[in-house]
Amino acid sequence: EPDEKDLPENKSAILKHNFNLTEGLVKLKLEILTTPGSGRHINSTNEHVQVVKECRQRLMHYFNQEEGLYRKNIEDRRIHVCFYLLPPAGFTEDLHPVDLLYLKELQEYVNIIPIIGRGHELTTSELIERKRQISIALNKHHIRCFDFPTGDPEVDEPEWIDHLKQIGSRIPFACNYDFSVGVVYNSLDESGYFDRFDKNHDYNPNDPKQSDTPFIRYAVIAHMVELVDSTHYDHYENFRANHKISMSARNPVRTESLQAMRPPSEMVGVDFAMGEYANGNNPINLSPGKSQYSEYAESASTYHQTNLKNV
């Protein structure tokens with residue numbers, strides 16, 4: 001937990017931490033982004049704008065590389081997972097408006113894993129109830145968090161399936177502070193779980209009975225490939241399709257020339273309107289003196305203004 005003096009003056013600042021990891025023959029460039037000043041001010045209006053903009057810019061960076069001539073060595077700087085910290089207490093059966101705004105915007109661009117911060121402040125029964133409240137609130141507002149796979153009984157071993165089920169049973173995770181060794185904080189109660197009212201026990205954040213920190217680590221290791229695939233085939237493809245529609249609306253002449261060069265078989269799935277034309281349907285009522293592509297551009301522009309969210 002950073003001190004107040006170490007926090008950035010800009011409350012929406014994003015701090016970037018880069019690491020070069022090596023294990024055997026595997027080399028990994030890891031970049032971690034943090035927003036330590038977010039949510040610490042009385043007026044948190046529009047704090048999410050900078051974070052969402054960063055996610056969009058990274059998707060756009062990947063899109064520009066993919067559309068270029070040389071695509072052999074594409075640098076993937078997309079954000080594959082967002083650990084979103086929620087308070088240990090708050091609105092009953094709901095989320096704070098700032099958290100709700102953040103989640104609704106971020107779910108379009110990144111995989112979200114909800115985590116209850118400062119979980120050591122709650123007893124076991126309070127933590128179970130808080131997890132239930134957050135799960136209900138996420139479903140109520142249709143927040144799409146990362147869907148953890150549970151394994152395939154026909155392919156995976158029973159031990160691995162049980163491991164994945166243990167990870168899924170802890171969602172949303174409860175993350176606790178890593179206190180120094182020897183700090184007297186919490187104690188285990190009679191049921192084997194910690195009790196904050198007993199001050200005669202050393203708190204261990206890596207103990208599964210006291211914290212979900214180990215399961216967060218297990219989840220990232222077990223589902224690393226699924227997180228990357230979800231970023232590419234879900235969030236990036238949606239972003240790419242919406243951006244293509246926006247480009248077509250801004251430049252109908254280019255759209256007409258490109259579609260004229262493309263055979264009908266390749267038009268299926270290009271975007272929502274062109275796919276309908278390829279299937280023999282006409283979703284747009286053509287007006288006299290206008291081509292189908294100019295009508296399509298106007299329709300796409302209206303769709304873009306009413307449905308797409310620009311930051």
Exercise. Decide yes or no for Leu28 and Glu23: does some side-chain heavy atom of the first lie under 4.5 Å from some side-chain heavy atom of the second?
Key: no
Practice problem: State whether the side chain of Tyr109 and the backbone N or O of Glu54 hold a donor-acceptor pair below 3.5 Å, judged by distance alone. | Solution: no
Quiz item: Hey, does Val110 have a side-chain heavy atom less than 4.5 Å from the side chain of Thr231?
Solution: no
Practice problem: In sequence, state the C-alpha distance, the side-chain angles, and the governing distance for Arg144 and Ile112, and then conclude on side chain to side chain contact (heavy atoms under 4.5 Å, CB included). | Solution: CA-CA 8 Å; Arg144 299 191 307 273; Ile112 297 175; over 6 Å; no
Exercise. Give a yes or no answer on whether the side chain of Arg130 reaches the backbone of Gly119 with a donor-acceptor pair at less than 3.5 Å.
Key: no
Self-check item: Linked hydrophobic residues, Leu69 as query - side chain contacts closer than 4.5 Å
Solution: Tyr70
Self-check item: 4.5 Å side-chain heavy-atom contact, His232 and Arg78
Solution: yes
Self-check item: Close side-chain approach of Phe148 and Leu164, heavy atoms under 4.5 Å
Solution: no
Self-check item: Flag if over 12 foreign heavy atoms under 6.0 Å of CG, Asp147
Solution: no
Quiz item: Quick one: salt bridge (charged side-chain N to carboxylate O under 4.0 Å, His left out) partners of Lys140, sequence neighbours excluded?
Solution: Asp94
Quiz item: In this structure, which one of Leu106, Asp229, Asp234, Leu227 forms a side chain to side chain contact (heavy atoms under 4.5 Å, CB included) with Asn111?
Solution: Leu227
Quiz item: What distance do Leu122 atom CG and Lys131 atom NZ have between them, rounded to the nearest 0.5 Å?
Solution: 10.5 Å
Practice problem: Taking the side chain as every heavy atom from C-beta outward, state whether Asp212 and Tyr218 have any atom pair closer than 4.5 Å. | Solution: no
Self-check item: Pair Glu105 + Arg56, salt bridge at N-O below 4.0 Å
Solution: no
Quiz item: So, does Arg77 use its side chain to make a donor-acceptor pair with the main chain of Arg58 at under 3.5 Å?
Solution: no
Quiz item: So do Leu138 and Pro114 actually touch side chain to side chain, heavy atoms under 4.5 Å?
Solution: yes
Quiz item: After noting the C-alpha distance and the side-chain angles of Phe146 and Val81, does the key distance pass the side chain to side chain contact (heavy atoms under 4.5 Å, CB included) rule?
Solution: CA-CA 9 Å; Phe146 178 69; Val81 61; over 6 Å; no
Quiz prompt | Glu108 side chain reached by Cys55 side chain, heavy atoms, under 4.5 Å | solution = no
Quiz item: How many angstroms lie between OH in Tyr233 and CD in Glu226, if you round to the nearest 0.5 Å?
Solution: 12.5 Å
Quiz item: Are side-chain heavy atoms of Ile143 and Leu100 found at a separation under 4.5 Å?
Solution: yes
Quiz item: From Lys104 NZ over to His141 NE2, what is the distance, rounded to the nearest 0.5 angstrom?
Solution: 6.5 Å
